[in-house]
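Remember, predicted model here, so these are calculated numbers, not experimental data. Numbers restart at 1 for each chain; the letters A, B, ... are given by sequence-line order, proteins then strands. Side-chain atoms are counted along with the backbone in the values below, which use heavy atoms only and exclude waters and symmetry mates.
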There are 2 protein chains.
Amino acid sequence: MAETPRPEPRYGNRPTMKDVAARAGVGLKTVSRVVNGEPGVTPETERRVREAIDALGFRRNDSARVLRKGRTATIGLVLEDLADPFYGQLSRAVEEVARAHGTLLINGSSAEDPERERELALALCARRVDGLIVIPAGDDHRYLEPEIRAGVATVFADRPAGLLHADAVLSDSFGGAREGVAHLVAHGHRRIGFVGDRPGIHTAAERLRGYRAAMEDAGLPVDERWVAPGPTDPERVAAALAGMLSGPEPVTAVFAGNNRVTVTAVRVLAGRTAVAGGPPVALVGFDDVELGDVLGVTVVAQDPAGLGRTAAQQLFRRLEGAAEAPRRVVIGTRLLARGSGEVPPSSG
Amino acid sequence: MAETPRPEPRYGNRPTMKDVAARAGVGLKTVSRVVNGEPGVTPETERRVREAIDALGFRRNDSARVLRKGRTATIGLVLEDLADPFYGQLSRAVEEVARAHGTLLINGSSAEDPERERELALALCARRVDGLIVIPAGDDHRYLEPEIRAGVATVFADRPAGLLHADAVLSDSFGGAREGVAHLVAHGHRRIGFVGDRPGIHTAAERLRGYRAAMEDAGLPVDERWVAPGPTDPERVAAALAGMLSGPEPVTAVFAGNNRVTVTAVRVLAGRTAVAGGPPVALVGFDDVELGDVLGVTVVAQDPAGLGRTAAQQLFRRLEGAAEAPRRVVIGTRLLARGSGEVPPSSG
DNA sequence: ATGAAAGCGCTAACAA
DNA sequence: TTGTTAGCGCTTTCAT
């Protein structure tokens, strides 16, 4: 039984603290002290250890450290689609807060699929992220109960948790939509369409509710042919718009329920007016879009970065031990009048 | 029957395989078999184990597993800014490839700061990511040499590595810019400005080189007052544009070196024409922008998703053992003529 | 089919 | 100031 053999080089044959210790002629713990900047090492010893570290190309294995310390200094963010600028901004804001806390962020896109959301969230839990921010795709989050009980701090963002009492940071979808539709009413519109996301999505339902409230506030009837919740792919949105813009009593204004709907609506309405010479249709969108200012698109702007920052701050508050009851933070929206929402109705 | 005492609850008191084994009345290894779907467990035993798992809310600790197995099933992506739609799309494409390989992705934004890029990349190495995709902020990547030697597969995307021989997946910045500027020349422009990113950035330098090549191809002189590389913040870009659009011999067309420059240029030029009633200025931008089609912005489009997908595929090829020499893949660009690049020069 | 023991690379607790 | 020992929770190996 000679020296310990290393039959299976792991991590592509990386040196360990033990290797560094052997090379520097010191004990394992001394290396650990140097690597972690702990006190109690003479400058001369430290020098030798550092020399060995450089010579060997040693880098501490955080997996082992995590196993011992019980904290990964990592949080997870489950969102819908990182390629959507809204979530990109939100994620970036979360990252900044995490960075300020010496923490890394693992993102995962659910692609709006509840099963994929669940898989992702649980995979992150298996990696023992310290905390989790979830932008729900599904509406039943009881699968997270054991995780939360086991100590994974969890904050929901953009949409609340389903069947679970947990922290949530949301935009004021109801109020924002109500304000946006009221804006159209104030400019003389009486037949206003609503194109939004699938009604199973909390924010979509809230915005639809805001639309109905504004119409009712104004004493205006809602023809159900004007209301088109559903997927936000361009084809569906274009078809929905075509439907409510045709017939004997077409809408004179449209409220778009999110940024993707708005983008498609801008395309469709611009095409109608330019190519077909149709009458201009007023448009207000929920959520801002890039170059919306240049295009003159009136929107109810959310603050994606604020949403992400607030959610992350709440998460770290929990990680630092805050034990108050779950709370819901609602972030206000701002109506930005840029032209498209101030077009008067084109006909009786 | 005394319960197993757990003096120091880690991970917020999570049950371990040992706990599950005790509760199910089986050995530790049997639990491991069930959890990992290994054969050699009778259905009855498996049932009891699963029961214990559910009752306890057990979830395997992947940190411990990683320590033993040597693979984290995680890759890292260091990019510039996740809030930039270009990188959002790139990251999303990387994520999809990773997902197909059962791998998670950790993103980090360098904010175009070389030191922060280095910190991030090394932090990811300390967590023993299996591989790394880096979009360089700095121009010296020798700090990654020990990591690569130790087995961290590394692929550079969007920009090549500095002072390091490694895989890289790039857009054809030189060719794309040359084509875009030639397009302006073909529409009669002779005084063409260039507003791009800082020349230290490889892609920015390449695009500037493409601009000069196209001018030379056409036998046109370049007045250095028309060339404005630098930071891409709106103020700098607006000032640069103002400079080259004034004076006795103003430019009649502008080539914008990336999406942020293009967005600002669209704003500035739209404002000039609308408010000041100035003559229209032609514009071609490198990289597409959202709603660029509606606005009629002519661009040289890159394929950010293709860039990310290709880089990720190359990374997994390496992880699966491909040992060929480092290779460079160049992805072509496409000129999308939409109006702004086809405006003729407004005056002699 | 099942389980006991060793050990992955590190840190905490305690000796020297 | 420095080193030794015992795990963290899991997989691997080898016995039963």
field: Nucleotide D/dT13, atom P - distance to CD of B/Glu38 in whole Å
entry: 11 Å
- prompt: Nearest-Å distance, CG (B/Asp62) to P (C/dG9)?
  reply: 18 Å
task: Decide yes or no, distance alone: a donor-acceptor N/O pair under 3.5 angstrom between the base of C/dG9 and the side-chain of A/Arg68.
output: no
- prompt: At under 4.0 Å, does any side-chain N or O of A/Thr30 touch on OP1 or OP2 of D/dG3?
  reply: yes
Side-chain ion pair, A/Asp62 and B/Arg128, N-O less than 4.0 Å: no
Side-chain N or O of B/Thr16 closer than 4.0 Å to phosphate OP1/OP2 of D/dC8: no
query: For D/dT11, does OP1 or OP2 lie under 4.0 Å from any side-chain N or O of B/Ser32?
result: yes
Minimum-distance nucleotide (side-chain atoms of B/Arg33 versus D/dG3, C/dT11, C/dT2): C/dT2
message: Reading DNA chain C from 5' onward, which residue's closest nucleotide shows up sooner: B/Gly25 or B/Ala64?
response: B/Gly25
- prompt: Has the side chain of B/Arg60 got a donor or acceptor that lies under 3.5 Å from a partner of the other kind on the base of D/dG9?
  reply: no
field: Within-4.5 Å side-chain heavy-atom neighbours: A/Phe316 and A/Val155
entry: no
query: B/Lys29 has an atom NZ; how far is it from atom C1' of D/dT13, in whole Å?
result: 9 Å
message: Check this one for me: any side-chain N or O of A/Thr42 less than 4.0 Å away from OP1 or OP2 of D/dT2?
response: yes
- prompt: Any side-chain N or O of B/Asn36 under 4.0 Å from OP1/OP2 of D/dT11?
  reply: yes
message: Between P on C/dC8 and NZ on A/Lys18, what's the gap in Å once rounded to a whole number?
response: 6 Å
query: Would you say A/Lys69 reaches C/dA12's phosphate, i.e. side-chain N/O to OP1/OP2 under 4.0 Å?
result: yes
message: In whole Å, I'd like the distance from the CG atom of B/Leu67 to the P atom of D/dG7.
response: 17 Å
query: So, are A/Arg99 and A/Glu95 salt-bridged, with charged N and O less than 4.0 Å apart?
result: no
query: How close or far is atom P of D/dC8 from atom CG of B/Asp19, stated in whole angstroms?
result: 11 Å
- prompt: Is there a donor-acceptor contact under 3.5 Å from the side chain of B/Arg159 to the main chain of B/Pro136?
  reply: yes
Salt-bridge present (B/Arg118, B/Glu147; N to O < 4.0 Å): no
field: Atom-to-atom span, CG of B/Leu28 to C1' of D/dC10 - whole angstrom
entry: 8 Å
message: Ignoring hydrogens and geometry beyond distance, is the side chain of A/Arg128 in donor-acceptor contact with the base of D/dG9 at under 3.5 Å?
response: no
query: So, is A/Thr45 close to the D/dT2 phosphate, meaning a side-chain N or O under 4.0 Å from OP1 or OP2?
result: yes
- prompt: Rounded to whole angstrom units, what separation is found between the CG atom of A/Asn61 and the P atom of C/dT11?
  reply: 10 Å
